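Note sheet for the following structure.
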Amino acid sequence: MLTSLRPLPNTAQPAAPESLLPQQPDEALEQAVRTLFRQDPQLPAFEARVQAHHGVVTLVGVVGTLRTRQAAEEKVRRVAGVWHVHNLLKVRPSQPRPAAAGRPQAGASPK
């Protein structure tokens with residue numbers, strides 16, 4: 001006699017992300033990211049604080065363009081042992097944009 005088959009409840013927990021990737025010590029991962037920033041000609045020089053914890057890398061600092069911010073994150077994601085990137089880099093252009101011609105600047109009195 002056949003009985004109806006019901007799936008068994010799934011009690012197994014999914015594998016932790018850190019168990020899926022080869023682990024580097026946090027300090028080695030931080031150093032690998034800093035070396036990448038120093039040696040990559042596509043990334044303009046900028047100071048970033050790099051912290052790693054079990055494959056999660058956090059970037060903190062200031063960059064000059066959105067493109068630099070995005071490029072830094074993309075390149076860090078490719079470093080062996082990086083599981084996730086928290087990109088907290090702020091974009092602050094080094095050169096202020098010139099005011100539009102014929103438009104008074106804020107705080108200027110009209111003539």
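Since the structure is predicted, the reported quantities are computational estimates derived from the model, not experimental observations.
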Spell out, as yes or no, whether a donor-acceptor pair under 3.5 Å connects the side chain of D26 to the backbone of H54.
yes
Got a donor-acceptor contact below 3.5 angstrom from the T68 side chain to the G64 backbone?
no
Over all heavy atoms of both residues, which pair between V79 and A32 is shortest? Give the atoms and the distance, please.
CG1-CB, 4.1 Å
Taking the side chain as every heavy atom from C-beta outward, state whether V50 and T58 have any atom pair closer than 4.5 Å.
no
In terms of hydrophobic clustering (I, L, V, M, F, W, Y; side-chain heavy atoms under 4.5 Å; direct or indirect links), are L36 and V60 co-clustered?
no
pair L59-L88: side-chain heavy atoms closer than 4.5 Å
no
Testing the basics here: between L89 and N87, what is the closest heavy-atom pair and its distance to 0.1 Å?
N-OD1, 3.0 Å
Within this structure, what is the NE2-CG distance for the pair H53 and L29, rounded to the nearest 0.5 Å?
12.0 Å
Is V62 reachable from V57 through a run of hydrophobic residues whose side-chain heavy atoms are each under 4.5 Å from the next?
no
To the closest 0.5 Å, what do you measure between CD (E74) and CD (Q42)?
10.0 Å
Please indicate whether R67 has more than 12 foreign heavy atoms, meaning atoms of other residues, nucleotides or ligands, lying under 6.0 Å from its CZ.
no
How long is the straight-line distance from CZ of R69 back to CG of L66, given to the nearest 0.5 Å?
7.0 Å
Counting distance only, does the side-chain N/O of E30 pair as donor-acceptor with the main-chain N or O of Q51 below 3.5 Å?
no
Decide if atom CZ of R77 counts as having more than 12 heavy atoms of other residues, nucleotides or ligands within a radius under 6.0 Å.
yes
Quick one: CZ on R78 to CD on E73, what's the gap to the nearest 0.5 Å?
11.0 Å
